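Written below as structure tokens is the structure these notes are about.
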2 protein chains.
Amino acid sequence: MPTYLMPFCRVEIAVQSLIDQRLNVLLIRREEAPYKGFWALPGGVLRVDLDPDLGAAAVRVAKERLGIPPPNLCQMKTVGAKGRDPRGEAGWGLSVVYRALIAEGAATFAPGKRVTELRWVPVDELPTKIAFDHAELIAQAVNQTRSDIAKLSFPTGFVPERFTLGELQVLSEQVLGHTIDKASFRRKLRDRGLVEAIEGEQLRGSAHRPSAIFRLRRSAVQPNGI
Amino acid sequence: MPTYLMPFCRVEIAVQSLIDQRLNVLLIRREEAPYKGFWALPGGVLRVDLDPDLGAAAVRVAKERLGIPPPNLCQMKTVGAKGRDPRGEAGWGLSVVYRALIAEGAATFAPGKRVTELRWVPVDELPTKIAFDHAELIAQAVNQTRSDIAKLSFPTGFVPERFTLGELQVLSEQVLGHTIDKASFRRKLRDRGLVEAIEGEQLRGSAHRPSAIFRLRRSAVQPNGI
DNA sequence: ACAAAAGTGTTCGTCTTACACCCATGC
DNA sequence: GCATGGGTGTAAGACGAACACTTTTGT
């Protein structure tokens, strides 16, 4: 059997979060050619010695960057071409791209380790200089996230354990980038059995009617899909 | 910079077609371990020397199997794990999986070339012995195809150039596996501007009213997405 | 009493479904 | 004439958007 040369394989991750009421994506500034000085999705090399499978590789890479294992990793697509990465044979580079959505403030960046510039960037104020085809990948990740939220499919770990319906609505509106109707939002949640009130608990203390505390029903949370 | 060992990279393709009024998928019988004797999706090794990018690799592999370049190749997902393929370091195998839908009778198998058993299998009569996680991949490919057709998104090259609305409906019903309402089907096609009648052409000769001949409008065909 | 947010009901228009009905042809 | 598939209209129901409305608290 002949032996074949293989491409240089990486995993990239589009991590999104709400920062200052807006959907942001985590980007890194490249310090090496190609695209030196451009912004790119954080990622890392697939390590056949460390990673039992692709999902584990994504978890490891994300943990190196974020300090936490991201709660809802899901695969978006794979890109690969000759000339994409100088470290591969014939420049052949292959990247499996994942996305994740984390709660505001959950990430504790682990700087050092050649992560000099890791930055949250609002998705509607992206820089113009974006490396590779990552601009398109970011757009696709944002679209998928918005589509999930619009369908009331809330990724694991993005929504807090306990919340009021008002908080859930504000969160959804911030992800979607527009307001939504309160009555319709609540009716859909109720009719589809997506949330359940926590018996006897409510949030008081503000100058208005107290709100009930809810949690997601397990059937409503989107599975991990790594 | 350290050099890393890379996984063994392949491309697999779930080719679907209507055979004898039913949706079928093309499978191959494995002649080597692992999963010797099991059925699997046809595929091939990613060749960094031959393939300019991932899409081109998929086209090449499909052409080797089918004799034609498949008209509507689209990426589904990528799977990868240690122990998946003995040819990789630590058995690490990575497969980028595509799907395609071809018109009945379009494929001209190119046997020989270690393709001893290549066979169309109805998707609701799959064999029990399916290699790797290919059973799940096949199910996913079928779901995506049905979802496309249900949304009246007809992949390029699957639908004939010229057709009657009755033919298009029968084709859709065979893919979906259930009948659909004629009036609704036609109204949706009309309202969304998906098809256009070819001026002055009609199909006569049968013992009933002749039917108009239609073609897809370009805006209606699903782009290639490799 | 009043402001503010929680929570609900009701109307309206749009889209889908199911079904009934005509039309044109070959036999 | 009649069987057959092509082609269209229509009423019933499902669903979502928009808006008005009531409820309950702290001040």
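Protein chains get the first letters and strands the later ones, always in sequence-line order, with residue 1 at the start of each. Keep in mind it's a predicted model, so treat the numbers as computed, not measured. Note: hydrogens, waters and symmetry copies are ignored here, and every other heavy atom, side chains too, is used.
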Checklist entry - Rounded to whole angstrom units, what separation is found between the CG atom of Asp191(B) and the C1' atom of dC15(C)? => result 10 Å
Item to check | side-chain N/O Arg209(A) vs dA5(C) OP1/OP2, d < 4.0 Å | outcome: no
Next on the checklist: Assess, by modelled atom type and distance only, whether the side chains of Glu173(A) and Thr179(A) contain a donor and an acceptor separated by less than 3.5 Å.
Outcome noted: no
Checklist entry - Going by modelled atom types, is there a donor-acceptor pair between the base of dT8(D) and the side chain of Arg190(B) at under 3.5 Å? => result no
Item to check | Sugar-phosphate, base or nothing in reach of Lys188(A), heavy atoms under 4.0 Å | outcome: sugar-phosphate
Checklist entry - Roughly, in whole Å, what's the span from CG in Leu176(B) to C1' in dT17(C)? => result 16 Å
Checklist entry - dG7(C) P sits how many Å from Leu165(A) CG, rounded? => result 6 Å
Checklist entry - Out of dG5(D), dT17(C), dG7(D), which has the shortest distance to the side chain of His208(B)? => result dG5(D)
Checklist entry - Base, sugar-phosphate, or nothing: which does Ser184(B) touch, judged by heavy atoms less than 4.0 Å apart? => result base
Checklist entry - To the nearest Å, how far apart are Lys182(A) NZ and dT23(D) P? => result 14 Å
Checklist entry - Rounded to the nearest Å, what distance is computed from the CZ atom of residue Arg187(B) to the P atom of nucleotide dT16(C)? => result 9 Å
Next on the checklist: Just the rounded figure in Å: distance from P of dG6(D) to CD of Glu201(B).
Outcome noted: 17 Å
Checklist outcome for this item: Comparing nearest nucleotides in DNA chain C, the 5'-proximal residue of the pair Phe214(A), Asp181(B) is Phe214(A)
Checklist entry - Does NZ or CZ of Arg84(A) lie under 6.0 Å from the centre of the six-membered ring of Phe132(A), at an angle within 45° of the ring axis? => result yes
Item to check | Whole angstrom value for the distance that separates C1' of dG7(C) from CD of Glu167(A) | outcome: 15 Å
Checklist entry - Where the side chain of Pro210(B) is concerned, which of dG6(D), dT25(C), dA18(C) is the nearest nucleotide? => result dT25(C)
Item to check | Check: Glu104(A)/Ser17(A) side-chain N/O donor and acceptor closer than 3.5 Å | outcome: no
Checklist entry - Which residue lies toward the 5' end of DNA chain D, Ala212(B) or Arg204(A), if each is placed at its nearest nucleotide? => result Ala212(B)
Next on the checklist: Here's a test of your reading of the structure: between Gly205(A) and Ala183(A), which maps to the more 5' nucleotide of DNA chain D?
Outcome noted: Ala183(A)
Item to check | Whole-Å distance separating the CG atom of Leu152(B) from the P atom of dC15(C) | outcome: 15 Å
Next on the checklist: Is it true that Gln144(B) and Arg99(B) share a donor-acceptor pair across their side chains at a distance under 3.5 Å?
Outcome noted: yes
Checklist entry - Which heavy atom of Gln140(B) sits nearest a heavy atom of Lys77(B), and at what distance? => result OE1-CD, 3.4 Å
